[in-house]
Protein chains: 2
Amino acid sequence: MTACGEPVIQPRPRTIPEATVARLAVYLRVLSALADAGRSTVASGELAAAAGVNPAGLRKDLSHLGPCGVRGVGYEVATLRDRISGVLGVERSRACVLVGIGNLGSALADYAGFGSRGFEFVGLFDAAEARIGQRIGGLTVRPTEELEEVVTATQASIGVITTPAEVAQSVCDRLAAAGVRSILNFAPVTLAAPEGVDVRKVDLSVELQVLAFVGQQRLVPAVGEPA
Amino acid sequence: MTACGEPVIQPRPRTIPEATVARLAVYLRVLSALADAGRSTVASGELAAAAGVNPAGLRKDLSHLGPCGVRGVGYEVATLRDRISGVLGVERSRACVLVGIGNLGSALADYAGFGSRGFEFVGLFDAAEARIGQRIGGLTVRPTEELEEVVTATQASIGVITTPAEVAQSVCDRLAAAGVRSILNFAPVTLAAPEGVDVRKVDLSVELQVLAFVGQQRLVPAVGEPA
DNA sequence: AACCGCTTGTGAACGCAGGAACAAAGTCGC
DNA sequence: GCGACTTTGTTCCTGCGTTCACAAGCGGTT
């Protein structure tokens, strides 16, 4: 039973759950640290403990990449790291633009962790005259007017919005129109984007609110709790 | 300090799902904007569109607060806003400390949105000599040594970690030992905390990684796509 | 006063993520 | 060379979150 005539053989290119992708990124970081520490192999239990997840769930996550461990031994650190890197596409460099160079934008532009994960900022933009010309992380802040020009020239596919809420939607529209396919939004508004453009929202105050709520809920356990 | 005479009246003190709490915070923001715009009532469809969720899901979320809408009309903007505010505990002021005053820490300390949500920073801490004494958002940066002292004096229950990854765990330990019950961690490490202390992690590079992955996955749709 | 349309609130079904348990497989020790 | 132990990869199951669909209720209109 030879399945000839099927040229593109991808182990398991089917959809990987989003939650799994997020955890893979965490595993990747832990594996890199282990590799730097000189470890050659690691078992799912230890890796799961370091990542803060359940061992069985970790193995299920890894199963999406096909078999990549040795039974009775564990996972080879360097091999698994490279496998995850390949799946997440860390090798390929992705051009990103960042709009809104306030404190948060500066923090992102300065963060060295992005570069090692395949993300390269190719443009920093701000509307304030005072910000323009400032150098952050090796780049010069440019006026917002040049946004479309830079996106087109660099073929940037990712845009990050760290502007005030009032202008976030217009920035989103311009990014989408210029050809950006993925947008990460830190402004506290829900953005609308055309079909084919994926918007992901990170709301810092919501995170704090949820944290505070579960904290206070813990103090009021239940109505009839026997101590 | 006895908490007598504090009738904690919650219509339905049952457990509210965490995902619902996160959305309630979003609804609250939208409702505030509507109130400022002079709107008196709003239907679930419009509110859901503004928040970017499903109308039925929104109604189910609100059902956790008990009946608070008028059939055939919708929800009264001001009433619903106040109801959500009460449940989330926005009125009460919560003392927070922030450790690690880099770019990200400065952004959080400066962000005015927290104050209106019931969060008040009562201490900013950093280990770098150069940062100490700097004034941000009305507070002065203090040396890390004073952390325990301030937490005890202010009864702060929330700690935010924006330090480098290497020292995040030790900061977490100190916060927990000093009495902090909830910790929001921005450092790219998985923190271990004692029982009774809730740790929530926000990983900016993971967010970007997931965004990029779903973007590239979209370009390779499937094997037999009928267009 | 009665009808009609609109909207809420709730019940049920679907799909998905998470956790536990088990069989397969490979290695180490004897 | 063989047995036993260790660990992976998978399968089943339980619970949660989300979505769809419908009955109940209120306001406006005639």
Side-chain angles (χ1 to χ4, degrees), chain A residues 11-12 14-27 31 34 39-77 79-81 83-84 87 190 206 210 213-214 217, chain B residues 11-12 14-27 30-31 34 39-77 79-81 83-84 87 190 201 206 210 213-214 217:
Chain A
R12 297 199 183 176
R14 306 296 167 82
T15 58
I16 297 180
E18 202 170 297
T20 294
V21 175
R23 284 188 295 264
L24 285 177
V26 177
Y27 305 154
L31 287 167
L34 287 174
R39 288 287 300 273
S40 59
T41 61
V42 65
S44 66
E46 184 182 352
L47 191 54
V53 301
N54 187 292
L58 182 141
R59 293 198 296 271
K60 181 172 292 190
D61 287 338
L62 263 48
S63 74
H64 287 105
L65 316 179
C68 49
V70 180
R71 298 176 189 230
V73 179
Y75 300 94
E76 200 171 342
V77 172
T79 305
L80 184 57
R81 179 195 54 184
R83 178 79 75 100
I84 295 178
V87 171
T190 304
V206 166
V210 173
F213 185 83
V214 304
Q217 199 172 228
Chain B
R12 297 198 182 179
R14 312 291 174 79
T15 59
I16 297 181
E18 201 169 300
T20 293
V21 175
R23 285 189 295 264
L24 284 178
V26 176
Y27 305 155
V30 175
L31 287 167
L34 287 174
R39 287 288 298 275
S40 59
T41 61
V42 65
S44 65
E46 185 182 352
L47 191 54
V53 300
N54 188 293
L58 180 140
R59 292 198 297 271
K60 178 157 289 196
D61 286 340
L62 295 181
S63 74
H64 287 104
L65 317 179
C68 49
V70 180
R71 297 175 188 231
V73 178
Y75 300 93
E76 200 171 340
V77 172
T79 305
L80 184 58
R81 179 196 54 185
R83 178 79 75 101
I84 295 179
V87 171
T190 304
K201 183 182 172 187
V206 167
V210 173
F213 184 83
V214 303
Q217 200 172 230

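From a predicted model like this one, the values you see are computed outputs, not experimental measurements. Lettering follows sequence order; numbering is per chain, from 1.
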Can you measure [X] atom [atom1] to [N] atom [atom2] for me and round it to whole angstrom units?
{"X": "L62(A)", "N": "dT7(D)", "atom1": "CG", "atom2": "P", "value": "16 Å"}
{"X": "L65(B)", "N": "dT8(C)", "atom1": "CG", "atom2": "C1'", "value": "14 Å"}
{"X": "H64(A)", "N": "dT8(D)", "atom1": "NE2", "atom2": "P", "value": "17 Å"}
{"X": "R83(B)", "N": "dG9(C)", "atom1": "CZ", "atom2": "C1'", "value": "14 Å"}
{"X": "L58(A)", "N": "dA17(C)", "atom1": "CG", "atom2": "C1'", "value": "15 Å"}
{"X": "L80(B)", "N": "dT8(C)", "atom1": "CG", "atom2": "C1'", "value": "12 Å"}

Could I get the full list of side chain to side chain contact (heavy atoms under 4.5 Å, CB included) partners for [X], not counting sequence neighbours?
{"X": "K60(B)", "result": "S63(B)"}
{"X": "V214(A)", "result": "V210(A), E18(B), D198(B)"}
{"X": "T190(A)", "result": "K201(A), V26(B)"}

For S44(B) and dT8(C), is the shortest distance between a side-chain N/O and OP1 or OP2 below 4.0 Å?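 Looking at the OP1 and OP2 atoms of dT8(C), one of them is under 4.0 Å from a side-chain N or O of S44(B).
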
N/O (side chain, Y75(A)) to phosphate O (OP1/OP2, dG9(D)) under 4.0 Å: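 Yes, such a contact exists.
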
Contact between R59(B) and Y75(B) at the side-chain level, heavy atoms closer than 4.5 Å - yes or no?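 Yes - at least one pair of side-chain heavy atoms lies under 4.5 Å apart.
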
Any side-chain heavy-atom pair from I16(B) and F213(A) closer than 4.5 angstrom?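 Side chain of I16(B) against side chain of F213(A), heavy atoms only: contact under 4.5 Å found.
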
Can you see which heavy atom on V206(B) is nearest to which on A25(A), and at what distance?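 In terms of heavy atoms, the two residues are closest at CG2-CB, 3.9 Å.
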
Could I get a table of every N or O pair under 3.5 Å where one atom is in the protein and the other is in nucleotides 11-20 of chain D?
unit_1, atom_1, unit_2, atom_2, d
dT18(D), OP1, R23(B), NH1, 2.9
dT18(D), OP2, R23(B), NH1, 3.3
dT18(D), OP2, R23(B), NH2, 2.8
dT19(D), O4, K60(B), NZ, 3.1
dC20(D), OP2, N54(B), ND2, 3.2

As a test of understanding, state which of T20(A), L80(A), L62(A) forms a side-chain contact (heavy atoms from CB on, under 4.5 Å) with Y27(A).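 Single pass found, and it is L62(A).
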
Summarise how protein sits on nucleotides 22-30 of chain C as a single string, 5' to 3': B when a protein heavy atom is under 4.0 Å from the base, S for sugar-phosphate-only contact, - for no contact. --BBSS---

Counting only N and O atoms by type, is there a donor-acceptor contact under 3.5 Å from the side chain of R83(B) to the main-chain atoms of L65(B)?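 Pair found, side chain donor or acceptor close to backbone of L65(B).
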
Could you list all the side-chain hydrogen bond (donor to acceptor under 3.5 Å, both in side chains) pairs where at least one residue sits in residues 65-74 of chain A, not counting sequence neighbours?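 For residues 65-74 of chain A, and leaving out neighbouring residues, there are no side-chain hydrogen bond (donor to acceptor under 3.5 Å, both in side chains) pairs at all.
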
